[in-house]
Structures are given as structure tokens and as C-alpha cells.
Amino acid sequence: MFRQFRSEVADALGDALASLDLPTDDLGIERPPDDMDATLASSVAFRLAGEVGAAPPSVAADVAEAVDVAGYDYLAAVDTAGPYVNFHAGERYLADTLDAAAADPDYGTLPDRDASVVVEHTSANPTGPVHVGRARNPIVGDAVANLMEYAGYDVDRHYYVNDAGRQMAVFTWAYERFDESDLDTDPARDRAEYDLVRYYRKGNAFLEEADPAEVDAAEEGISAILQGLEAGDEETYERVGEVVDTVLGGMKECLARLPAEFDEFVKETRFMRDASTDEVAARLKETDQAVYEEDAWQLELDEWGIEKNLVFLRSDDTSLYTTRDLAHHEWKFANYDRAVTVLGEDHKLQADQLGATLELLGNDTDRLGHVIYSYVNLPDGKMSTRRGTGVMLDDLLDEAIDRAREAVESRMDDRIRDDDLTAEDVERIAHQVGIGAVRYDIVSKQPAKAITFEWEDALDFEAQSAPFVQYVHARCAGILSEAAAAGVEVPGVTADADGVVDVDALDVDGAVFETEAARELLREVARFPAVIETAADDLEPHTIATFTREFADAYNAFYRECPVVTADDEELRAARVALVAAAKHTMANALDVLGVEAPESM
RNA sequence: GGGCACAUAGCUCAGCUCGGAUAGAGCGUCGGACUUCUAAUCCGACGGUCGUGGGUUCGAAUCCCACUGUGCCCGCCA
């Protein structure tokens with residue numbers, strides 16, 4: 001609704017300016033401050049004041065006078081407040097919003113764009129347990145993927161597996177070289193990646209500490225693995241693959257707890273085996289930017305503002321990570337309309353080089369998108385799988401669930417409420433709130449900002465956090481089930497088990513719009529699809545979290561002022577039940593984008 | 001040394017892409033509201049040189065420049 005209203009305002013204002021022979025290139029349409037009773041406003045009068053030769057308020061009055069609201073569905077009135085032209089939506093705007101959102105559990109989903117997008121995220125090297133330093137990636141990445149789906153894209157989620165590098169060669173060598181008896185620790189958790197990471201750490205420690213002769217022998221073994229991969233040796237692929245798949249299997253289980261699921265795990269070696277990396281390298285050699293210096297093939301990318309040469313073939317003619325990633329991205333372009341990658345800021349230069357080189361190879365890099373996030377660090381330094389430092393994501397999630405469970409239980413004791421929560425309910429709520437709080441805390445912040453991990457901050461359920469917005473959903477669900485269970489007769493309006501309300505017979509011109517709190521809530525509901533659209537266009541899922549907070553404020557004001565089940569008359573009750581259903585769908589879907597569960601009760 | 005980010009209330013953060021109405025929330029502090037559809041809620045008060053300095057503009061937290069501080073990157077590693 002908001003999107004149509006916004007387009008109506010643009011049309012009406014454009015026509016008005018044209019009729020006054022004024023430029024229409026900058027309409028200055030914006031959202032007015034919260035306390036202003038207008039749906040949209042324009043600051044165009046400021047810019048036209050000089051041209052017209054009159055003060056902005058006078059220009060605004062002339063413009064408002066020239067706007068013709070006839071013929072528009074939602075644009076009902078125009079007035080001015082000083083230099084601003086304010087646009088007001090009519091009753092039908094709110095009525096249609098109520099109608100659309102109450103009846104549609106998928107409210108907020110935009111029309112199919114007939115375009116596919118691959119969202120690549122996480123892609124952590126399969127060397128061991130997922131630690132909190134990396135956790136921003138799956139949480140932001142999953143939200144970006146969800147967001148694109150809501151925005152009408154056909155989305156695939158990919159995890160790019162770096163299975164061709166030295167790290168995996170070292171890991172494979174160490175796994176084969178050492179036995180359980182060589183290790184001095186037990187696995188921190190009974191899962192594959194916790195088991196195998198011990199070999200990886202043991203191998204790395206060995207390479208640092210062992211006698212030079214032993215290290216030389218080890219390096220020979222590692223080198224043999226790397227050469228086997230490069231030569232396309234099947235046996236080597238199998239040896240490395242066993243380690244990669246086993247560790248990755250464990251990491252998948254950890255990520256599934258968030259939950260973050262993937263449609264495909266794309267292995268780097270795939271682009272070595274199918275010869276596409278060689279093909280990319282051959283094409284790069286033919287470009288004007290290719291130079292052969294210091295025995296290696298390089299690209300001069302200074303046209304793209306990158307001073308550092310990019311080596312794409314080593315002196316022994318083997319490929320590098322970036323060369324393979326080029327083949328990987330051309331494969332993405334061949335299969336998808338857009339490719340979005342979520343990656344840490346340490347990969348920024350590499351991403352810039354990749355983009356420049358893809359353009360050089362003739363690709364349309366407008367199809368490429370990046371979400372760059374800054375790492376989560378510990379108060380006293382970085383997290384490292386190799387060194388074994390860091391807080392594991394599993395431990396954070398466990399602790400979050402434990403603390404959430406304590407909170408549920410203490411609230412049941414301390415509070416005056418008619419709870420009939422079963423033990424299963426407590427456990428469900430603990431999971432929903434605990435994991436939701438971790439995700440919400442991370443996804444609600446701008447990814448570019450650095451975060452230092454502190455247990456207390458990460459697990460604070462009081463601050464603007466998941467339970468605050470989840471509670472709104474639980475309140476909606478409570479009212480709807482209350483209305484249904486109490487057998488409240490609401491003509492034309494029935495809420496089924498999923499909270500879907502049939503509003504066909506609802507008199508939407510009814511009293512629901514008399515209360516300002518209800519109108520304000522409906523305006524927030526109306527805004528949701530536009531919020532999805534903007535967030536998807538900008539790849540900014542954190543703006544959805546901001547929306548959930550603003551939406552929660554509007555809902556809580558409505559909740560305070562407008563009794564629903566006990567409303568005075570049937571028509572009002574029916575309309576408010578529909579509004580609650582609309583609010584529930586809005587919040588449920590906003591939370592769904594964020595990957596945060598929407599509890600029916602809490 | 002060069003490049004890319006970030007800096008907003010005591011603390012944690014929105015707002016910046018595309019300049020516009022009194023810079024917004026939460027936490028903390030202080031004071032209120034549960035015989036009421038769930039108080040994980042709500043209401044009120046206190047709290048700001050928007051890092052510093054310049055510039056552009058009718059108008060700058062927002063755009064430009066310089067500086068300071070912090071993070072990240074600058075390998076024939078991934």
C-alpha cells in the first residue's frame with residue numbers, strides 16, 4: 001500500500017510542479033517526523049524558493065494548491081506545514097492495508113521478480129568448529145538470503161568450500177600422520193569437527209616445533225597433496241575430500257542450530273577439475289592488462305584504482321585461490337542473474353580485485369553484490385581456529401539457551417500471570433529466545449561496525465533485543481487464540497489456527513480507524529513491504545530489525561489503548577481482531593527475514 | 001608508508017546511500033502503572049560541541065577536504 005501511495009504522491013506532485021512550469025527532477029519526497037500527521041512530505045519548496053522568488057512557505061502553499069488529488073486511490077489530501085508540503089492518505093489506504101495484511105500470512109512478500117540470485121555466505125575453511133568471530137557471516141548471510149526471497153527473487157544459498165589450499169593439505173597430512181594417541185586433548189564436544197580439529201592443531205604445532213629434518217619430510221607430504229590436486233589425481237581428491245567432508249559435516253550441524261541451511265556446498269576443486277580455471281587463466285593472458293613479471297603471470301589493475309598487481313598464475317604455472325574464484329564467479333553468472341557474497345572485511349581487497357577482473361573478462365559486474373562485515377573480536381585479541389583461541393558458536397548458543405531458560409522460569413515465579421506453560425513450552429521458549437537473541441543482536445547492527453565480543457552484551461535479553469519484538473508476536477497470538485477460544489462472535493471475521501483472518505465481510509470503514517494508536521499501527525503495517533524492498537535493494541537486513549522495533553512501539557501503544565476481545569461493540573471487536581492478525585503477520589514475517597523465531601507464547 | 005572502513009548520550013546502537021521539521025531508541029539513574037486481551041510491557045524525568053578543524057549550501061550528523069583515534073588489508077597464502 002505504501003509503495004502505491006508513494007508512487008501516487010510522486011505522480012501528483014510531479015504533475016503539480018509541471019503545471020506551474022517548475023522543474024520536476026527532484027521531488028524531495030521523504031517521511032515526515034513521527035509526531036507529524038502526514039504519511040509523506042516534500043521539501044521541494046526550499047529548492048524552488050530561489051527560482052520562484054518567494055519564501056518557501058509561500059511556494060509550498062502554491063504547490064499544495066496545484067496538486068490535484070482526484071483520481072488517486074490512496075492520496076486523499078494535501079496541505080502544508082510551513083515550508084513542507086504534506087500528503088495524507090485516505091481511509092481506503094488503511095482499509096486496503098488491513099484487508100491485505102490480515103488475510104495474508106505471507107504479507108510483505110513482494111511480487112515475483114523473475115530473477116534468480118545466489119547468496120554465498122559463511123564459506124569458512126573447513127578446519128574446525130565455527131567460532132563467534134565468524135558467526136556474523138551465517139547470521140547476516142542467512143538474513144540477506146531471506147530478504148531477497150521476500151523481495152521476490154528466486155534464491156539459492158551457497159557455501160563455497162576452500163578445499164584446494166595449503167590449509168587443507170596440512171590438515172589431510174596431519175590426519176593421516178597422527179593417531180589418537182598422539183593427541184593430548186579430548187574433543188571439546190562430541191562432533192566431527194571438534195574431533196578432527198585436534199589433528200589440524202597438532203599438525204600446525206608440529207610444523208612450528210619439530211626438528212628441521214622432520215619438518216622437511218612433512219612439507220614433502222603436504223606438497224605432494226597440493227601437487228596431486230593440481231594434477232587432477234583422483235586418489236588425492238578422495239584423501240582430502242574425506243577430511244573436508246567430515247569436518248564440514250560437523251560444521252553444518254552447528255550452523256543448522258542458527259538455523260542456517262544451504263542449497264549447495266560448492267567446492268573450489270570443482271573449478272580445477274572441470275578445467276574452467278585453466279580456461280580463465282588462458283583468457284587473462286590475452287588481455288592488455290596481463291604482464292609476465294618475475295616469472296609469474298600478473299594483471300595490472302590500476303585502471304580500477306588497484307595499485308597492487310594480481311598474480312593469477314604462479315611461476316610453476318599453477319593457479320591461485322583468486323584464479324579459481326574467477327572461474328567460480330563466471331559459473332555463478334552463467335547460472336544466476338545476480339550473485340551476492342557476504343564476506344569479512346579482510347577479503348575486501350580481494351573482492352575488489354575479483355570485481356575488476358570479472359569486468360576485464362567481459363562480465364556485467366552490476367550483477368555482483370557484496371555485504372562486507374567487520375570481524376567479531378575478543379577483548380584480548382583475535383579468534384583463531386589454528387591456535388585454538390576463541391569462543392565457539394556452539395558454546396554461545398548453549399549459554400544463550402540456558403540463560404533464556406532461567407529467565408523464563410524466574411519470570412513465571414515472579415509475576416502475576418495465568419501461565420499454563422508446560423515443560424515443553426519452557427524449553428521451546430528458551431530456544432526461541434536464546435538463539436533469537438544471539439541472532440538479533442548481530443543482525444540488527446550495521447555489519448561494517450566492529451564488534452568486541454562480551455558475554456554480558458551478547459546475552460543481554462533486556463536491551464533492544466529479540467524478546468522485546470518476539471513478545472509483540474506472542475501478544476498478537478494470545479489475543480487471536482483468546483478471541484477464538486472464547487467463542488467471540490465476530491461477524492465475517494474468523495481466526496483459524498494459523499491466525500489467518502477472513503475479512504471478506506468486514507466493514508472496514510468501521511470504528512477501528514477512530515483511535516490514533518490503531519491508525520498508527522496500520523500505517524506501520526502498510527510500510528512493511530516498502531521496508532522489505534528498500535532493505536533488499538541496499539542489501540541491508542539490519543533495517544528490518546530497526547523496523548521491528550518501531551513496529552513494536554506502535555503495537556504496544558495500540559495494545560495499551562485498544563482492548564480487542566473486550567471491545568465495546570462487535571464491529572469494533574471484529575475490526576481490531578483483523579488488525580491484530582495483520583500485525584501478527586507483519587511481525588512474523590519481519591522476524592522470519594531476520595531468521596528469528598516468532599513464538600506463539602512466551 | 002599506501003588503501004578501505006568506522007567515530008552520534010555514561011554504555012550499546014539507529015539515523016548518513018538520496019542534505020530538510022526539535023538528532024531518535026534501549027540499558028543505566030530517578031519517579032510512576034499489574035482486580036485489565038501476557039508487566040520479557042508501558043508512562044514520565046534526567047542525559048548530546050553528532051571525533052576535531054575547514055569547505056559547499058537557504059539549510060550539514062548526512063556531501064567534500066584535512067587532521068586525530070580505532071579496526072582491517074597491502075603474499076607466487078586461503
Side-chain angles (χ1 to χ4, degrees), chain A residues 26 28-30 32-36 41-47 49-50 55-56 81-84 125 127 162 164-168 268 294-298 305-308 311-316 318 320-322 324-325 344-350 352 372 374-375 377 404 407-408 411 414-419 429 433 441 444-446 448-452 454 457 460-472 474-483 486 534 537-538 540 542-543 545-546 549-550 552-553 556-557 559-560 562-567 576-577 580 601-602:
Chain A
D26 184 357
I29 295 171
E30 58 197 60
D34 290 340
D35 54 357
M36 190 57 66
S42 170
S43 58
V44 73
F46 285 109
R47 278 178 292 289
Y84 293 91
N125 293 340
T127 51
N162 306 141
R166 180 180 158 83
Q167 283 184 92
M168 292 322 299
E268 191 180 353
E294 296 171 28
D295 294 330
W297 280 98
Q298 318 192 3
I306 301 167
E307 298 305 321
K308 194 80 192 166
V311 176
F312 65 92
L313 278 183
R314 294 191 181 93
S315 46
D316 63 1
T318 59
L320 289 92
Y321 172 85
T322 312
R324 289 169 230 135
D325 206 21
E345 63 178 338
D346 53 338
H347 288 72
K348 180 70 165 64
L349 174 62
Q350 185 209 320
D352 289 343
I372 310 281
S374 174
Y375 273 119
N377 286 314
V408 178
R411 280 165 208 279
D414 300 349
R415 242 193 22 229
I416 305 164
R417 57 185 279 184
D418 269 350
D419 281 306
I429 295 166
V433 170
D441 181 56
S444 62
K445 292 168 185 167
Q446 283 187 29
K449 303 217 176 180
I451 294 180
T452 298
E454 304 275 4
D457 293 343
D460 184 358
F461 300 149
E462 294 299 326
Q464 289 169 331
S465 68
F468 171 69
V469 291
Q470 288 174 314
Y471 190 58
V472 167
R475 276 180 154 177
C476 288
I479 290 175
L480 291 180
S481 71
E482 195 76 22
T534 305
D537 287 349
D538 299 342
E540 290 186 335
H542 79 275
T543 59
T546 302
R549 278 197 285 274
E550 292 168 352
D553 287 341
N556 285 328
Y559 184 89
R560 182 177 68 247
C562 301
V564 178
V565 179
T566 56
R576 285 183 179 166
V577 167
V580 170
S601 67
M602 61 187 281

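Nothing here was measured: the structure is a model prediction, and the numbers come from that model. Chain naming here is simple, since letters A, B, ... match the order of the sequence lines and numbering starts at 1 in each.
- The interatomic distance linking F46(A) (CZ) with U57(B) (P) rounds to 17 Å, in whole Å.
- Checking the phosphate oxygens (OP1, OP2) of U12(B), no side-chain nitrogen or oxygen of K449(A) falls inside 4.0 Å.
- Comparing the same atom, C1', in G53(B) and in A60(B) gives a spacing of 15 Å after rounding to whole Å.
- Checking the phosphate oxygens (OP1, OP2) of A78(B), a side-chain nitrogen or oxygen of R324(A) falls inside 4.0 Å.
- Spacing between A14(B) and A7(B) at atom C1', rounded to whole Å, works out to 15 Å.
- A distance of about 15 Å separates the P atoms of C11(B) and C50(B), rounded to the whole Å.
- Computed from coordinates, the L313(A) CG to G75(B) C1' distance equals 16 Å when rounded to whole Å.
- We find that R549(A) and D553(A) are not joined by a salt bridge, their nearest charged nitrogen and carboxylate oxygen being 4.0 Å or further apart.
- Note on D538(A): a base of the nucleic acid sits closer than 4.0 angstrom, heavy atoms only.
- Using a 4.0 Å heavy-atom distance criterion, T546(A) is classed as a sugar-phosphate-only contact.
- Put simply, N556(A) has a side-chain N or O that comes within less than 4.0 Å of OP1 or OP2 on C42(B).
- Between G165(A) and T534(A), the residue anchored closer to the 5' end of RNA chain B is T534(A), taking for each the nucleotide with the nearest heavy atom.
- When the C1' atom is used for both U36(B) and G31(B), the distance is 23 Å, rounded to whole Å.
- When both pairing distances are held under 3.5 Å, G19(B) makes no Watson-Crick or G-U pair with any nucleotide shown.
- Nearest nucleotide to the side chain of A448(A), out of C77(B), C6(B), C43(B): C6(B).
- Residue V408(A) is in base contact, counting any heavy-atom pair closer than 4.0 Å across all strands shown.
- Of the nucleotides present, none pairs with C46(B) by Watson-Crick or G-U wobble criteria with both distances under 3.5 Å.
- The distance from atom CZ of R411(A) to atom P of C34(B) is 19 Å, rounded to the nearest whole Å.
- The two atoms that bring I372(A) and E345(A) nearest to each other are CG2-CA, 3.6 Å, heavy atoms only.
- Around CG of D316(A), the count of heavy atoms belonging to other residues, nucleotides or ligands within 6.0 Å exceeds 12.
- Atom-to-atom, CG of D34(A) to P of A14(B) comes out at 18 Å; the value is rounded to the nearest Å.
- Within the nucleic acid shown, I29(A) has no heavy atom closer than 4.0 Å to any nucleic acid atom.
- Between Y559(A) and the phosphate of U36(B), there is no side-chain N or O to OP1/OP2 separation shorter than 4.0 Å.
- Nucleotide G75(B): unpaired (no Watson-Crick or G-U wobble partner with both distances less than 3.5 Å).
- Across all strands, M168(A) comes closer than 4.0 Å to no nucleic acid atom at all (heavy-atom distances).
- Taking the nucleotide of RNA chain B with the nearest heavy atom to each of A164(A) and L349(A), the more 5' of the two is matched to L349(A).
- Note on T318(A): nothing from the nucleic acid sits closer than 4.0 angstrom, heavy atoms only.
- Atom name C1', nucleotides U49(B) and C58(B): the rounded distance is 23 Å, in whole Å.
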Inset, instruction - Start with the C-alpha gap between F461(A) and F468(A), add the side-chain angles, then the distance that decides, and say whether ring pair (Phe, Tyr, Trp, His ring centres under 6.0 Å) holds. - result: CA-CA 8 Å; F461(A) 300 149; F468(A) 171 69; over 10 Å; no

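- Among the nucleotides C37(B), A21(B), U41(B), the one closest to any side-chain atom of V565(A) is C37(B).
- Using a 4.0 Å heavy-atom criterion, one finds that E345(A) contacts the bases of the nucleic acid, with or without backbone contacts as well.
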Inset, instruction - Dump the intermediate steps for side chain to side chain donor-acceptor pair (under 3.5 Å) on Q350(A) and T322(A), then the final yes or no. - result: CA-CA 8 Å; Q350(A) 185 209 320; T322(A) 312; 4.7 Å; no

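- The side chain of E30(A) sits closest to A21(B) out of A21(B), U41(B), G75(B).
- Taking atom CE of M36(A) as the reference point, atom P of A23(B) lies 14 Å away to the nearest angstrom.
- Look at Q350(A) and you won't find any side-chain N or O under 4.0 angstrom from OP1 or OP2 of G75(B).
- Base engagement by V433(A) is indicated by at least one non-hydrogen atom pair under 4.0 Å involving a base atom.
- If you take atom C1' in G47(B) and the same atom in C6(B), they sit 25 Å apart, rounded to whole Å.
- Residue-level contact check: C476(A) touches neither bases nor backbone, having no heavy atom under 4.0 Å from any strand.
- Rounded to an integer number of Å, the gap from CD1 of I451(A) to C1' of U12(B) is 11 Å.
- Heavy atoms of P32(A) sit under 4.0 angstrom from at least one base atom.
- Distance from the side chain of F468(A) is smallest for U41(B) among the nucleotides C43(B), C77(B), U41(B).
- A close approach under 4.0 Å does not occur between any side-chain nitrogen or oxygen of R314(A) and OP1 or OP2 of G75(B).
- At a threshold of 4.5 Å between non-hydrogen side-chain atoms, the residues V433(A) and M602(A) count as touching.
- The distance from atom NZ of K445(A) to atom P of C6(B) is 17 Å, rounded to the nearest whole Å.
- For U41(B), the paired base is A33(B) (Watson-Crick or G-U wobble, both distances below 3.5 Å).
- Residue R47(A) places none of its side-chain N or O atoms closer than 4.0 Å to OP1 or OP2 of G59(B).
- The residue A41(A) sits close to a base: some heavy atom pair falls under 4.0 Å.
- For Y84(A) and G20(B), the ring-to-base geometry does not satisfy the stacking test (centroid distance below 5.5 Å, interplanar angle below 30°).
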Inset, instruction - Please report the C-alpha distance between V472(A) and Y559(A) in whole Å, then the side-chain angles of each, then the deciding distance to 0.1 Å, and finally whether the side chain to side chain contact (heavy atoms under 4.5 Å, CB included) criterion is met. - result: CA-CA 9 Å; V472(A) 167; Y559(A) 184 89; over 6 Å; no

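- Looking at heavy atoms from C-beta onward, V564(A) lies in side-chain contact with V577(A) at the 4.5 angstrom threshold.
- In this structure, V311(A) reaches the sugar-phosphate backbone alone: every heavy-atom distance under 4.0 Å involves primed, P, OP1 or OP2 atoms, never a base.
- Side-chain N/O atoms of Q464(A) and base N/O atoms of A25(B) include a donor-acceptor pair closer than 3.5 Å.
- Distance noted for atom C1' between G3(B) and C46(B): 44 Å (whole Å).
- Within the 3.5 Å criterion, the main-chain N or O of P563(A) finds a donor-acceptor partner in the side chain of R576(A).
- Remark: G59(B) base-pairs with no nucleotide; criterion is Watson-Crick or G-U wobble with both hydrogen-bond distances under 3.5 Å.
- Comparing C4(B) with A9(B), their C1' atoms are spaced 29 Å from each other, to the whole Å.
- Using a 4.0 Å cut-off, some side-chain N or O of H542(A) falls inside it from OP1 or OP2 of G15(B).
- Regarding D460(A), its CG atom lies at a distance of 11 Å from the C1' atom of C11(B), rounded to whole Å.
- D295(A) comes within contact range of at least one nucleobase, with a heavy-atom separation under 4.0 Å.
- With a 3.5 Å ceiling on both atom-pair distances, the Watson-Crick or G-U wobble partner of G69(B) is C6(B).
- No side-chain heavy atom of T534(A) sits under 4.5 Å from any side-chain heavy atom of T543(A).
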